[in-house]
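As the structure lists them, so they are numbered: ligands from 1, and atoms in each ligand from 1. Bear in mind that the values here come from a model prediction, so they are computed numbers and not experimental data.
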Amino acid sequence: MTTTTDLRVGVVGAGIMGADHIARITRTISGAHVSAVIEPDAGRAKSAAALAPGSAVFASIEEALEARVMDAVVIATPGRFHEPVLLPALEAGLPILCEKPLTQDPESSWRILEAEQKTGRQLIQVGFMRRFDTQYRQLKQLIDSGSAGELLMLRGVHRNPSVPDGYTQQMLITDSVVHEFDVVPWLAGSGIRSVEVRYGKRNAIAPEGLREPILVLMELENGVLVDVEMNVNVRFGYQVATEAVFQTGVARIGQPDGLQLWQDGRFGIAEHQSYTTRFEQAYDTEVQAWVDATRRGEIAGPSAWDGYKVAVACKAGVQALEATGPVELDVPEPPPFYA
Ligand code: ISE
């Protein structure tokens with residue numbers, strides 16, 4: 001139900017994630033409604049706006065700001081379009097939930113940090129939804145509690161059924177491993193020291209020009225070693241799973257938990273096909289937490305500084321795609337505003 005005290009949210013970008021957030025805010029989230037859909041593709045904008053009755057459609061963030069119909073903004077465009085939306089939204093003083101990545105390189109992310117500092121308060125929350133996933137949270141609690149001893153290694157798989165046209169080799173890092181670059185330091189309580197990429201046998205069904213799967217190795221500052229299989233043409237479904245190796249125990253998250261079916265002499269469990277269902281609970285919890293925090297004048301998750309650190313890791317990761325051996329990260333001290 002829409003009320004007059006609701007947060008009026010403008011959603012920028014009406015692709016898969018934008019449409020998903022528009023439907024979520026309209027149907028599931030309390031205390032907010034979608035007042036504006038901002039999307040240059042008229043057909044896409046119209047179908048997305050139909051998900052949020054009463055919302056107005058704009059072709060650009062500037063037009064929507066001019067109309068003064070938003071109290072806050074969700075940015076769900078591809079990463080390369082984030083900076084030109086973030087800057088005017090910050091200048092207008094609007095709170096922002098920005099889908100990952102903050103921006104695509106450390107230089108532009110630094111410009112965003114500077115613009116945010118000028119506003120005098122933290123307005124940006126970055127949409128690293130894994131931090132809101134119940135199982136990731138349980139794993140973090142286990143690590144923090146020390147009840148299985150110290151964390152020694154993390155072993156992850158990140159598998160997609162396929163990738164859209166235009167997905168490039170670099171996007172293995174900047175669009176996909178970007179999630180691990182945020183969630184691993186958050187879980188382990190330690191920054192990333194270096195990133196290395198190893199190539200196995202190429203999957204011949206991958207689109208031309210894409211050399212994958214890859215194995216991404218991260219060494220953390222606290223000595224924890226992390227490996228992630230990044231694999232984007234598995235066809236059978238969407239899988240994100242982690243095994244944590246402790247001194248006296250092993251924990252797993254992300255195991256299949258769908259419908260179990262025994263039929264024709266076989267047994268199977270339904271597997272997710274997309275991140276929109278695998279992380280549905282995480283997105284719901286994330287967006288509700290953001291809306292509640294925004295109404296209190298706060299953020300409730302990864303900050304722009306976290307987004308900046310991930311941009312530094314992505315830069316090292318992209319270099320590691322070409323390099324032999326580990327690439328060290330160069331993260332400066334956080335500006336006092338974020339310390
Ligand atoms: C996509 O953009 C996402 O964010 C998904 O979570 C990730 O699994 C996928 O690899 C990306 O392309």
Do we see a donor-acceptor contact under 3.5 Å between the side chains of Gln239 and Glu271?
yes

Sequence-distant partners of Tyr283, ring-ring contact (aromatic ring centres under 6.0 Å, His included), two or more places apart
His21

Output, or 'none' if empty, a list of ligand 1-protein atom pairs in which both atoms are N or O and the distance is under 3.5 Å, rounded to 0.1 Å.
| from | atom 1 | to | atom 2 | distance (Å) |
| --- | --- | --- | --- | --- |
| ligand 1 | 2 (O) | Lys100 | NZ | 3.0 |
| ligand 1 | 2 (O) | Asp175 | OD2 | 3.1 |
| ligand 1 | 4 (O) | Lys100 | NZ | 3.1 |
| ligand 1 | 4 (O) | His179 | NE2 | 2.9 |
| ligand 1 | 6 (O) | His179 | NE2 | 3.1 |
| ligand 1 | 6 (O) | Tyr238 | OH | 3.2 |
| ligand 1 | 8 (O) | His158 | NE2 | 2.6 |
| ligand 1 | 8 (O) | Asn160 | ND2 | 3.4 |
| ligand 1 | 8 (O) | Tyr238 | OH | 2.6 |
| ligand 1 | 10 (O) | Asn160 | OD1 | 2.6 |
| ligand 1 | 10 (O) | Ser176 | OG | 2.6 |
| ligand 1 | 12 (O) | Asp175 | OD2 | 2.6 |

Specify whether Tyr238 and His158 have parallel, tilted or perpendicular ring planes, treating 30° as the upper limit for parallel and 60° as the lower limit for perpendicular.
perpendicular

Is atom CZ of Arg235 surrounded by more than 12 heavy atoms (other residues, nucleotides or ligands) closer than 6.0 Å?
yes

If you measure only the distance, is there a donor-acceptor pair under 3.5 Å linking the side chains of Gln281 and Thr134?
yes

Does a donor on one side chain sit under 3.5 Å from an acceptor on the other, for Ser176 and Tyr167?
yes

